[in-house]
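Working notes for the structure below.
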4 protein chains.
Amino acid sequence: MTDTPKWRRRKEARPSDICTAALQVFAEKGFAGARIEEIARRAGLSKGGVYLYFPTKEALFRAVVRDAVAPNIEAIRQSVLATPLPFADLVRMLLPQVAAIITTVPLGAVLKMVVGESRNFPELAKVWHDDVVLKAVGILSGAIEQAQARGEVRPGDPRIHAFSLIGPMLLGVLWRETFTPVGAAEVDLPTIARQHADTVLEGLLTAENKG
Amino acid sequence: MTDTPKWRRRKEARPSDICTAALQVFAEKGFAGARIEEIARRAGLSKGGVYLYFPTKEALFRAVVRDAVAPNIEAIRQSVLATPLPFADLVRMLLPQVAAIITTVPLGAVLKMVVGESRNFPELAKVWHDDVVLKAVGILSGAIEQAQARGEVRPGDPRIHAFSLIGPMLLGVLWRETFTPVGAAEVDLPTIARQHADTVLEGLLTAENKG
Amino acid sequence: MTDTPKWRRRKEARPSDICTAALQVFAEKGFAGARIEEIARRAGLSKGGVYLYFPTKEALFRAVVRDAVAPNIEAIRQSVLATPLPFADLVRMLLPQVAAIITTVPLGAVLKMVVGESRNFPELAKVWHDDVVLKAVGILSGAIEQAQARGEVRPGDPRIHAFSLIGPMLLGVLWRETFTPVGAAEVDLPTIARQHADTVLEGLLTAENKG
Amino acid sequence: MTDTPKWRRRKEARPSDICTAALQVFAEKGFAGARIEEIARRAGLSKGGVYLYFPTKEALFRAVVRDAVAPNIEAIRQSVLATPLPFADLVRMLLPQVAAIITTVPLGAVLKMVVGESRNFPELAKVWHDDVVLKAVGILSGAIEQAQARGEVRPGDPRIHAFSLIGPMLLGVLWRETFTPVGAAEVDLPTIARQHADTVLEGLLTAENKG
DNA sequence: AATGAATGAGGATTCATTCAT
DNA sequence: CATGAATGAATCCTCATTCAT
């Protein structure tokens with residue numbers, strides 16, 4: 001068996017260890033508030049050690065945010081493969097999946113960072129916009145457009161429809177990141193996903209109350 | 001003529017001038033990234049002058065965020081006075097009003113600050129949660145509950161229904177704050193408000209596609 | 001009657017009011033630690049007002065210290081007029097008088113200032129040395145020398161004899177300024193003066209124990 | 001050879017190097033007037049380096065003063081071991097020893113600091129009072145009391161007798177610290193010690209002039 | 001003569017980054 | 001590779017001093 005010794009595996013995992021630690025600290029403190037030393041401590045090496053893998057704090061920040069991009073693009077792409085489904089089924093599958101991803105991956109934290117530091121790091125906002133948001137919205141509104149063409153979905157700007165679908169999920173994430181730690185009620189993302197899918201598909205009004 | 005000397009008129013307006021400038025800079029740079037000197041310059045006085053009105057940078061930050069709270073609570077309360085309307089009418093009135101408020105007041109900027117610095121200033125997150133968010137959500141879900149009791153609105157957790165109503169507006173705001181400056185398509189909040197109101201009330205699906 | 005209105009008397013008394021306040025604050029905080037604003041407050045005028053009478057903080061400090069010199073030289077000169085007395089009587093009169101002066105005038109405070117800031121304000125140390133200390137020591141050792149010539153006082157360096165006379169009084173003052181405020185036992189300067197006069201004149205040893 | 005790297009040897013000596021430099025600067029400039037940068041320069045490192053060993057300027061000041069306490073308590077205790085001697089011998093041994101200690105250790109400088117900053121750092125005055133002054137005075141007046149019981153020493157408050165013994169030494173120290181640098185005559189502490197011991201033991205008056 | 005708002009140089013402190021070991 | 005002592009630029013904050021009123 002090619003059995004890699006622990007310390008070697010460690011060495012190879014270092015950049016990723018550092019990124020993981022950095023994500024935590026950046027998410028907690030913001031870019032400027034994060035201390036390299038704390039990142040180093042959480043990653044299990046010395047302050048100087050971080051600089052063996054990342055030339056500057058900014059570079060580390062960029063790496064953290066960019067690294068969070070790639071896997072999520074993939075996740076989205078996966079979901080898109082299911083597109084041939086009826087639109088309702090797609091939504092009822094997609095929203096819980098988004099909830100699951102967000103619950104697993106610290107996507108909320110990254111989102112907070114991108115939003116919070118967008119003025120200081122516009123390129124990161126751009127990367128996220130171009131690689132994540134635009135793609136996600138594009139896929140969604142594409143699916144919506146097709147569904148509209150098939151007569152499944154009511155008319156209206158597909159992009160805004162996409163907002164209607166995604167917005168509440170986003171609100172749930174930010175709520176969890178921001179308000180739950182200071183005593184707000186817990187929010188259960190999967191529950192939100194399910195109920196919101198129903199709501200947005202069928203409408204809030206009861207049949208007898210519709211125009 | 002009751003002629004007030006120039007510098008005296010200045011003095012009274014100073015705290016508010018400084019808050020306005022500080023809001024801009026904090027929103028652009030985050031708390032730690034903001035330089036007191038830049039706030040001072042934009043407010044039209046010297047570095048030291050800021051300290052005549054606010055004892056520390058933190059105190060200034062708190063003042064900025066808190067000051068953004070009061071007027072908005074009022075705005076929300078106003079909207080609530082219209083509650084006796086049918087739920088659909090309420091929503092079709094409320095969402096555009098939210099859009100209008102957000103477009104006028106730099107609420108997006110404050111929101112970004114509260115979210116971004118929630119770990120560093122939990123008390124601000126708490127104030128916002130207690131005084132703004134909880135109140136807004138409470139009012140909304142209250143109205144929803146009543147509408148459910150009247151049979152106007154479908155069953156389901158009223159708080160999640162509130163998320164369904166508000167989430168897309170929030171997404172619009174953050175989009176505008178974060179992605180539009182880096183080249184993303186403009187979003188028109190009033191348009192979103194209108195279309196989303198329709199969507200969430202009636203549902204995305206066409207009549208013949210509903211369960 | 002030349003009756004000066006109160007506010008006019010005030011005006012003329014201002015410099016002295018300020019010096020009195022400044023002495024307190026300088027004595028409490030040291031030169032660098034003293035705030036002009038606090039001196040102004042205690043003197044009953046505004047910060048800017050101090051600058052109508054003293055061009056800089058240093059000038060004020062110098063004034064405070066110099067002002068404390070003149071009257072004390074006088075006091076010493078007065079005591080010297082009694083020189084024709086036998087030495088023992090002189091000492092038994094002088095030490096309690098020193099105690100009285102020190103207890104009345106805040107000489108301890110000034111002394112602390114001169115000692116503490118002697119490196120920062122060498123000229124003040126020099127003024128004090130030349131005008132106060134040297135004179136006082138000169139007068140004392142002069143008297144001692146004469147008494148030695150008359151065979152009243154034992155041989156030995158007259159200046160050191162002067163130290164023997166004055167040192168314990170000084171220790172009493174510094175003790176009162178420094179240690180009493182932090183819980184040390186009170187010291188009673190007049191009592192010290194009396195007992196030390198006896199001691200230094202007659203010696204600590206009993207007759208049968210002397211060489 | 002056990003060869004310690006240069007910078008490691010440095011590291012261990014640093015706190016003490018810094019304290020030594022700080023003592024000089026504090027003694028010269030007072031607490032507020034002392035510049036961390038100058039202390040650093042004299043200790044041979046950079047401004048920031050000081051903060052690797054002391055968290056604040058105040059902490060450094062406290063360390064400097066406290067560090068001066070411990071060794072002196074020891075010195076005092078040593079002197080006490082000689083107590084069984086006749087009182088006259090004890091004094092004739094003690095005063096020169098005090099002179100020697102003061103001449104060697106920068107005790108005068110520390111004393112100046114404690115006195116000058118006693119209002120700003122009352123706890124340091126307290127530490128000095130409790131650990132140094134009280135102990136020293138206690139030992140001395142204890143010895144005096146015993147000597148009085150043996151009939152060696154004349155009656156009188158033993159604490160004031162202690163002042164009579166020590167005061168002139170203190171005056172000598174302050175003189176040297178304060179006035180010698182501005183042109184005053186040098187004082188020789190050992191000489192003062194010797195002559196004052198004689199004076200205080202035997203009295204200033206000649207036999208035929210005593211009561 | 002007096003006020004007190006305003007200034008800005010100065011100094012303590014922090015922390016990203018470097019580099020000798 | 002890794003460490004952690006050291007650096008020094010950057011920033012908050014203070015306060016002596018000025019000056020319009």
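Residue numbering restarts at 1 for every chain, and letters A, B, ... go by the order of the sequence lines.
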Between C/Glu37 and A/Ser46, which is nearer to the 5' end of DNA chain F once each is assigned its nearest nucleotide?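 The answer here is A/Ser46.
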
Is the count of non-hydrogen atoms from other residues, nucleotides or ligands lying under 6.0 Å from B/Glu37 atom CD greater than 12?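 It does not: B/Glu37 CD has 12 such atoms or fewer within range.
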
Categorize [X] for me: base, sugar-phosphate, or nothing, with a 4.0 angstrom heavy-atom threshold over every strand shown.
X	answer
C/Leu52	base
B/Lys47	base
D/Leu45	sugar-phosphate
A/Ala59	nothing
A/Ala32	nothing

G-U wobble or Watson-Crick pairing nucleotide for E/dT3 (cut-off 3.5 Å, both distances):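 E/dT3 is paired, partner F/dA20.
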
Can you say whether the rings of D/Phe26 and D/Phe31 are parallel (under 30°), tilted (30 to 60°) or perpendicular (over 60°)?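 Answer is parallel, since the angle falls under 30°.
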
With the side chain of A/Arg35 defined as its heavy atoms from C-beta on, choose the nearest nucleotide among E/dA5, E/dA12, E/dA16.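 Nearest to the side-chain atoms of A/Arg35, counting from C-beta on, is E/dA16.
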
Looking at C/Lys57 and C/Ala34, would you say the former's side chain and the latter's main chain have a donor-acceptor pair under 3.5 Å?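 Yes, C/Lys57 side chain to C/Ala34 backbone: donor-acceptor pair under 3.5 Å.
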
Take atom NZ of A/Lys29 and atom C1' of E/dA16, then tell me their distance rounded to the nearest Å.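 Going from A/Lys29 (NZ) to E/dA16 (C1'), I get 16 Å.
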
